[in-house]
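One structure is given below, encoded as structure tokens.
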Amino acid sequence: MSVQDNNRFQSIISHAKEYGFVFPSSEIYDGLSAVYDYGPHGSELKKNIRDYWWKSMTQMHENIVGIDAAIFMHPTTWKASGHVDNFSDPMIDNKDSKKRYRVDHLIEAHADKLKEKGADGEKQADELLATMDQLLANDDFAGLKKLIEDNKIVCAVSETSNWTEIRQFNLMFSTQIGSVSDEADTIYLRPETAQGIFVNFLNVQKTARMKIPFGIAQIGKAFRNEIVARQFIFRMREFEQMEMQFFIKPGTQKEWYDYWKETRLKWHLSLGIPADKYRFHDHVKLAHYADAALDIEYEFPIGFKEVEGIHSRTDFDLGNHQKYSGKKLTYFDTEINQHYVPYVIETSIGLDRMFLLILSHAYEEETWTKEDGSPDSRVVLHLPPAIAPIKLGIMPLTKKDGLPEIAREIMNTCKPHFRCFYEEKDAIGKRYRRQDAIGTPFCITVDHQTKEDQTVTIRHRDSMQQERIHISEIKAKVLDLITL
RNA sequence: GCGGAAGUAGCUCAAUUGGUAGAGCGAUAGCCUUCCAAGCUAUAGGUUGCGGGUUCGACCCUCGUCUUCCGCUCCA
């Protein structure tokens, strides 16, 4: 990351705090690591992004319906999903190099080296791996540590065997349900929202009378106890996902994967973000549930980073829930008169990351020279008008001569239809600057001419140009401009 | 979690070798009013991140801790 980009990222974070978009959580208590709160303008912007996604996915797709599942789920859910096995790993640190390894990766790497040494080594390696699997299955950390020491496994960097104790890192947050604290009552905060959709597959399919192919959309919080959570709201421990699971006939996953890949990119571009800021990143190493996966990456000031994932999840999830619950999760396809467990294409976008994306794209520090030769500047958020927290600033040029009364009338006419902000304090230029800083796309100014001919000026945020329109046109014009 | 750097008003920063914290911007109220921040007046706002230690005395030295940033590491 260049110094310039880094400064830009810092400026965006400062701006977000100063203008009420994002605050560090519990700031008066020094904050809580990697947890943030959304302020007055931030919560509005976030809600608008959320609403736009929801509308695009459900209202605009007749075969997609929504749900809102609970954050708490039956503990077996996470066994079936693979999270209990894959989301908690024993880790060990080398004290000299400060490198941290997953214990199984460390031992496997050693086994690979042994195998290169011929038949003897291969036999040793197989024994080693068998012992490791057994110890892992029993969560025998002391045994694993001994195994590492007995085999004289060294760190690849420091080449020493100066290891810490093995520690368990569980990326799922746990809590207790019920009044008695018993181990059997331990439940997890969901590490992803997808499982709430899978366990409700039949409920939704039957009650909404859905026919394959169809999708279920959901927006909600998920929680991951990241070892390292950093970079502002990019990686948080509590975050919000906007997910859609699309259920399809087995064998058609390739075409639907491609369809959603293109459809989702179009959604991003519809917000006016340039295509060259995006790229696809195909996963080479696939997760345990997928037969194809890619990330939609955006060029943040901190580099190209994942904002959305498209995953072909096969029948892994429904199949496993069927197995663990003992309930049939099949669909009867009347076209071919067959039961089957549907395949799934998932689109999963981080709402907080989308928020950061929008903010990163919108933020600009502009400088220019005025007519008299003096320099001028402003900080402006070029937010897409449809998702801007405030759509219209309404301001009388001065506080007297009856101008505020007219402006108030306009305010009352417009505020039921879109978010407006009324202000009469300070010079008009200063008021424009304040609206620029929070991304308000349009400002109406009532001046003395208004009293003569019932016209006002409407000022456009990005161009700073103004045009005169009749008071009666304001509502319709703004509504038109804020519609995507 | 490790290493490095930083933390003073909402923001950006000051404060001689250790002598009980100031300014600009911003905010609020009022005046003025000329359509792009920069006029005038007043007001509010800080146990210097937090907690110990050294000292007659700590923003300053020291230890711990929290948070943030950078680099590792991790990342379904």
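Per chain, numbering begins at 1; letters A, B, ... match sequence-line order. Atom set for the values below is all heavy atoms of this structure, side chains included, hydrogens, waters and symmetry mates excluded.
Across all strands, A194(A) comes closer than 4.0 Å to no nucleic acid atom at all (heavy-atom distances). Across all strands shown, D426(A) has no heavy atoms under 4.0 Å from either base or sugar-phosphate atoms. F232(A) comes within 4.0 angstrom of sugar-phosphate atoms only, judged by non-hydrogen atoms across all strands, and of no base. At a threshold of 4.0 angstrom between heavy atoms, the contacts of S377(A) include nucleobase atoms, whether or not backbone atoms are also involved. The residue S33(A) sits close only to the backbone: its heavy atoms come under 4.0 Å of sugar-phosphate atoms, none of a base.
Counted by atom type alone, T455(A) and R468(A) present one or more donor-acceptor pairs between their side chains at under 3.5 Å. S312(A) and D291(A) are linked by a side-chain donor-acceptor pair at a separation below 3.5 angstrom, with hydrogens and angles left out of the test.
Cation-pi check for R408(A) over Y422(A) is met; the charged atom lies under 6.0 angstrom from the ring centroid and within 45 degrees of its normal.
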Walk along nucleotides 5-14 of chain B from 5' to 3' and tag each nucleotide B, S or - by protein heavy-atom contact under 4.0 Å, base first, then sugar-phosphate. -----SS---

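The side chain of K425(A) lies closest to A29(B), out of U67(B), C36(B), A29(B).
Side-chain N/O atoms of R459(A) and base N/O atoms of C35(B) include no donor-acceptor pair closer than 3.5 Å.
With a cut-off of 3.5 Å on both pairing distances, the Watson-Crick or G-U wobble partner of U67(B) is A6(B).
Distances shown here put every side-chain N or O of R313(A) at or beyond 4.0 Å from the OP1 or OP2 atom of A76(B). One finds no side-chain N or O of K430(A) lying less than 4.0 angstrom from the OP1 or OP2 phosphate oxygen of C36(B).
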